[in-house]
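In what follows, chains are A, B, ... by sequence order, proteins preceding strands, each numbered from 1.
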There are 2 protein chains.
Amino acid sequence: MTKLVPEKTGKPTVNDVARVAGVSLATVDRVLNARPGVRSVTIERVNKAIRDLSYVRDTAAANLARRRIYNLLFVLPATQNEFVAALEAQIAAQSENLQTDRTRLSIVKVPAFDPQELVRIVESIDPAKIDGIAVFGPETPSVRDALHHVKEKGIAVVSLVSDLPSSSRDHFVGIDNVSAGKTAAQLMGRFVPGNHGKILVITGSRLARDHLERRHGFDEVMASEFPEFKILPSLEGRDDADLLLKLLPPLFAKHPDIRGIYSSAAGNDGLIQFLRENALDQEIVVVGHELTPLSRAALETGIFDVIISQDTGHLVRSAVRLLRATADDAPFNPAQERIRIDIYLKENMPPE
Amino acid sequence: MTKLVPEKTGKPTVNDVARVAGVSLATVDRVLNARPGVRSVTIERVNKAIRDLSYVRDTAAANLARRRIYNLLFVLPATQNEFVAALEAQIAAQSENLQTDRTRLSIVKVPAFDPQELVRIVESIDPAKIDGIAVFGPETPSVRDALHHVKEKGIAVVSLVSDLPSSSRDHFVGIDNVSAGKTAAQLMGRFVPGNHGKILVITGSRLARDHLERRHGFDEVMASEFPEFKILPSLEGRDDADLLLKLLPPLFAKHPDIRGIYSSAAGNDGLIQFLRENALDQEIVVVGHELTPLSRAALETGIFDVIISQDTGHLVRSAVRLLRATADDAPFNPAQERIRIDIYLKENMPPE
DNA sequence: TTGTAAGCGTTATCAG
DNA sequence: CTGATAACGCTTACAA
């Protein structure tokens with residue numbers, strides 16, 4: 001439709017502020033951007049005008065004038081798992097559309113579960129080239145310090161998927177992993193017929209905070225609501241299918257009466273292969289994490305019963321929005337940035 | 001952080017296109033916006049330049065210059081239920097932030113389940129004032145025709161929550177309700193101990209397509225995967241707590257062995273009250289729809305066992321994006337607009 | 001310490 | 001049919 005006479009927005013502009021405050025555009029801009037060289041009286045006068053008019057700056061116009069480009073870096077673990085691959089794919093896909101929004105995305109991969117290397121890479125980030133980073137990695141004191149350093153250089157920092165709460169990250173982008181573990185337990189408890197039996201928990205790494213949190217949540221609900229179950233000690237899979245295929249057979253030999261498996265890490269291939277080969281898929285309730293091609297197929301064929309997931313598209317979009325917002329400390333909408341704990345049954349899987 | 005020397009984007013602009021095509025800015029703009037008054041030779045020359053440079057227009061700059069304001073109207077049913085209230089709240093909340101994005105949101109309420117009145121209101125929409133509408137309403141031939149008319153006037157149309165597939169709506173913003181019903185059935189089948197018994201389905205209105213679709217999905221999965229259950233005929237609640245409180249007692253007198261209830265509409269208050277008063281809450285598995293204050297409390301206290309939901313914030317944001325995109329037929333990201341079927345247990349409810 | 005004026009990428013209003 | 005040229009709201013040299 002063609003609007004011949006677009007109604008004016010009526011919103012106050014810098015010009016209005018300047019007029020009301022009795023100063024020039026440049027001065028308004030200076031206080032707006034907290035630039036030096038303005039007397040405090042003048043600052044106050046401008047601020048009053050801003051308040052009186054309830055002025056709010058037009059970010060689009062500002063960015064246009066600034067020719068500003070946001071350079072954002074995703075620091076991801078160099079594992080083979082599908083979840084990380086999905087994240088990478090999302091980053092690639094979105095960086096196309098983000099060209100329009102003056103935002104450049106890049107990725108650097110760090111050897112998995114290797115804090116040293118992570119620290120090295122983070123420390124080497126050039127603040128002249130990068131405005132913000134999203135870090136998916138382990139939580140160690142050295143990592144915390146490294147993040148503190150980049151923050152001090154003026155780079156925005158968010159932790160991704162696995163939180164780094166002791167660090168100076170500006171935000172965490174990911175699900176509440178304790179709740180995710182609790183959710184898994186509730187579903188496990190309800191789904192296993194007769195509501196009792198042995199449960200196996202497969203985890204990824206002891207260094208991965210997300211995995212630990214899930215385990216805690218799982219144990220808590222299992223203990224309080226389903227005490228008839230017996231939870232076996234965790235199996236540490238380390239995203240390594242071969243390792244799992246070695247560990248699983250003796251374990252099942254010892255405990256042939258396992259009734260449920262909670263696969264709390266993202267690497268599902270070893271487990272799926274084992275279950276299929278041993279025709280165990282229909283007898284055991286399996287709760288997995290992250291909707292990926294493999295886990296999706298497992299859900300469709302009944303090998304998996306539930307998948308707890310987080311939307312990788314949302315994860316990336318949220319990280320970008322948050323990074324940009326903290327880079328020019330603008331406000332953001334917390335509700336929009338809350339990553340949901342998605343529960344998938346074969347009935348509500350999204351298409352494709 | 002302050003970027004002293006912002007790197008240039010390097011992206012081609014209208015100026016580049018004009019230069020390469022050997023025409024003026026104005027002419028480029030004309031073909032860009034498909035305005036009349038350009039020889040087809042010139043058009044082709046400009047288009048070639050656009051292609052060669054792989055130019056893509058800067059929407060921010062365009063909107064700035066246009067002073068364009070998007071006026072969007074939400075047409076909602078005038079029911080008392082909490083879900084619609086949540087939608088309204090989201091619309092109100094988001095319209096604040098959208099001021100920055102040159103987007104104005106407004107709401108009009110139509111008597112629930114009243115196609116006549118809906119038609120009247122839709123037909124009276126002035127295309128000079130409104131750029132797009134999001135309609136949450138019943139599907140009837142007259143509604144379809146009315147929507148066809150507004151579309152012809154150049155107004156963008158999306159259906160909200162409940163689809164109007166036979167109409168000329170540009171998009172549907174909402175969940176796949178058949179899948180939602182299937183999901184409810186799967187959870188019901190798994191959660192009821194012993195996996196058998198009588199199931200009651202409470203629906204809203206026969207005119208509401210979303211409710212019908214849910215019922216279909218529910219029945220399908222129940223029949224194929226849980227044939228031991230007996231599904232009773234639907235109860236039509238019409239979002240009316242008093243009505244339900246009248247209908248429920250005789251029904252339970254007749255079927256004291258009901259083991260599960262699928263409340264497929266959004267109005268849950270009557271049901272919750274009945275269950276609590278009759279101390280039936282712990283014995284019956286209840287699957288409800290839409291996370292609202294009431295249903296959330298019911299989930300926390302164990303009256304409800306599962307809630308299937310759709311994020312009202314996402315619904316509104318998605319409707320706005322889609323309406324804006326079709327208004328100036330720009331592309332959009334389908335993945336971002338897909339509304340998920342959320343499953344909530346008490347363990348994964350979002351905070352607050 | 002403050003102001004003037006040019007410019008960011010696009011659209012719109014005039015003339016020609 | 002086509003082309004200058006002035007906006008849009010904001011930033012930023014460069015002056016004053």
Side-chain angles (χ1 to χ4, degrees), chain A residues 1-46 49-50 53 55-69 99-102 328 330, chain B residues 1-46 49-50 53 55-69 99-102 328 330:
Chain A
M1 68 180 303
T2 321
K3 258 317 178 1
L4 294 191
V5 183
E7 311 104 71
K8 291 197 46 184
T9 88
K11 266 190 0 183
T13 76
V14 267
N15 286 287
D16 300 319
V17 176
R19 191 172 28 73
V20 170
V23 298
S24 79
L25 242 32
T27 300
V28 173
D29 185 69
R30 287 186 186 103
V31 350
L32 230 38
N33 295 291
R35 271 187 272 270
V38 187
R39 274 186 311 167
S40 47
V41 234
T42 318
I43 294 184
E44 191 33 55
R45 205 134 47 93
V46 172
I50 289 179
L53 297 171
Y55 163 84
V56 33
R57 84 133 60 53
D58 183 328
T59 325
N63 284 337
L64 175 58
R66 250 194 266 244
R67 295 222 248 27
R68 194 207 206 298
I69 297 220
Q99 304 253 357
T100 321
D101 296 349
R102 299 155 199 289
D328 37 65
Chain B
M1 69 181 299
T2 321
K3 256 324 177 356
L4 294 190
V5 184
E7 312 102 72
K8 290 199 47 183
T9 90
K11 268 189 0 186
T13 74
V14 267
N15 286 288
D16 301 318
V17 175
R19 192 173 24 76
V20 170
V23 298
S24 79
L25 241 36
T27 300
V28 173
D29 184 68
R30 288 188 185 101
V31 350
L32 230 39
N33 295 291
R35 271 187 273 270
V38 188
R39 274 184 311 166
S40 47
V41 234
T42 318
I43 294 185
E44 192 32 55
R45 204 137 44 92
V46 172
I50 289 178
L53 297 171
Y55 162 86
V56 33
R57 104 164 4 79
D58 183 326
T59 325
N63 284 337
L64 177 58
R66 246 196 268 246
R67 295 224 250 24
R68 194 210 208 296
I69 297 223
Q99 304 255 357
T100 321
D101 295 349
R102 296 153 204 292
D328 38 66

**Q** Closest nucleotide of DNA chain D for V23(B) versus for A61(A): which of these residues is on the 5' side?
**A**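 The residue mapped nearer the 5' terminus is V23(B).
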**Q** Do L32(B) and I50(B) come within less than 4.5 Å of each other through their side chains, counting heavy atoms only?
**A**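 Yes, their side chains come closer than 4.5 Å.
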**Q** Which whole-number value in Å describes the distance from R102(A) CZ to dC10(D) C1'?
**A**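 These atoms are roughly 12 Å apart.
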**Q** Look at the side-chain N and O atoms of S24(A) and state whether any lies under 4.0 Å from the OP1 or OP2 oxygen of dG3(C).
**A**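 So the side chain of S24(A) is within the cut-off, an N or O lying under 4.0 Å from OP1 or OP2 of dG3(C).
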**Q** Any side-chain heavy atom of T27(A) within less than 4.5 Å of one from V38(A)?
**A**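 Yes, their side chains come closer than 4.5 Å.
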**Q** Can a side chain N or O of T42(A) be found less than 4.0 Å away from OP1 or OP2 on dT1(C)?
**A**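 Indeed not, no polar side-chain atom of T42(A) lies that close.
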**Q** Among dT11(C), dT4(C), dT13(C), find the nucleotide with the atom closest to the side chain of A65(B).
**A**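 Closest nucleotide to the A65(B) side chain: dT11(C).
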**Q** Whole-Å distance between dA6(D) P and N15(B) CG?
**A**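 It works out to 15 Å between those atoms.
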**Q** For dT10(C) and R66(B) - does any side-chain N or O of the residue sit under 4.0 Å from the phosphate oxygens OP1/OP2?
**A**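 Answer is no, no contact under 4.0 Å.
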**Q** Could you state the atom-to-atom distance from NZ of K11(B) to P of dG9(C) in whole Å?
**A**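 From K11(B) NZ to dG9(C) P: 9 Å.
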**Q** How is N63(B) classified with respect to the nucleic acid when contacts are heavy atoms under 4.0 Å: base, sugar-phosphate, or nothing?
**A**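 No contact at all - N63(B) keeps every heavy atom at 4.0 Å or more from the nucleic acid.
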**Q** Would you find a donor on one side and an acceptor on the other, under 3.5 Å apart, between the side chain of R30(A) and the backbone of R35(A)?
**A**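 Checked: no pair found.
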**Q** Please check the phosphate of dT11(D) (OP1 and OP2 only) for any side-chain N or O of R35(A) closer than 4.0 Å.
**A**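 Answer no for this pair, as no side-chain N or O of R35(A) is under 4.0 Å from OP1 or OP2.
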**Q** Just by distance, do the side chain of N33(B) and the backbone of D29(B) share a donor-acceptor pair under 3.5 Å?
**A**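 Yes; judged by distance alone, with no hydrogens or angles, the pair exists.
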**Q** Indicate whether OP1 or OP2 belonging to dC8(C) is found under 4.0 Å from a side-chain N or O atom of R68(A).
**A**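 No, no such contact exists.
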**Q** Tell me: CZ of R19(B) to C1' of dT2(D), nearest whole Å?
**A**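 Distance check: R19(B) CZ to dT2(D) C1' gives 19 Å.
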**Q** Does V38(B) reach a base, just sugar-phosphate, or nothing at all? Heavy atoms under 4.0 Å.
**A**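 Sugar-phosphate contact only.
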**Q** Run the side-chain contact (heavy atoms from CB on, under 4.5 Å) check on T42(A) and V31(A) step by step: do they pass?
**A** CA-CA 9 Å; T42(A) 318; V31(A) 350; 6.0 Å; no
**Q** The side chain of D58(B) lies closest to which of these nucleotides: dG9(D), dG9(C), dT2(C)?
**A**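 Among dG9(D), dG9(C), dT2(C), the one nearest the side chain of D58(B) is dG9(C).
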**Q** If you look at every strand shown and take non-hydrogen atoms under 4.0 Å, does A62(B) touch a base, only sugar-phosphate, or nothing?
**A**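 Here A62(B) touches the backbone only, sparing every base.
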**Q** Toward the 5' end of DNA chain D, which comes first, T59(A) or L25(B), by nearest nucleotide?
**A**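 Its nearest nucleotide being more 5', the pick is L25(B).
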**Q** Does dG9(D) have OP1 or OP2 under 4.0 Å away from a side-chain N or O of R67(B)?
**A**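 Checking R67(B) against dG9(D): no side-chain N or O falls below 4.0 Å of OP1 or OP2.
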**Q** Could you state the atom-to-atom distance from CD1 of I50(B) to P of dT10(C) in whole Å?
**A**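 Computing the I50(B):CD1 to dT10(C):P distance gives 10 Å.
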**Q** Taking the side chain of D29(A) as its heavy atoms from C-beta onward, which of dT4(C), dT10(C), dT11(D) lies nearest to it?
**A**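 Nearest to the side chain of D29(A) among the choices is dT11(D).
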**Q** With a 4.5 Å limit on heavy-atom distance, are the side chains of T59(A) and R66(A) in contact?
**A**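 No, side chains not in contact.
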**Q** Could you state the atom-to-atom distance from CG of L64(A) to P of dG9(C) in whole Å?
**A**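 In whole Å, dG9(C) P and L64(A) CG are 7 Å from each other.
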**Q** Which comes earlier along DNA chain C counting from the 5' end, the contact point of R30(A) or that of R57(B), where each point is its nearest nucleotide?
**A**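 Nearest nucleotide further toward 5': that of R30(A).
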**Q** Between atom CZ in R45(A) and atom C1' in dG3(C), what is the gap in whole Å?
**A**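 Result: 13 Å.
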**Q** Look at the side-chain N and O atoms of R39(B) and state whether any lies under 4.0 Å from the OP1 or OP2 oxygen of dT2(D).
**A**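 So the side chain of R39(B) is within the cut-off, an N or O lying under 4.0 Å from OP1 or OP2 of dT2(D).
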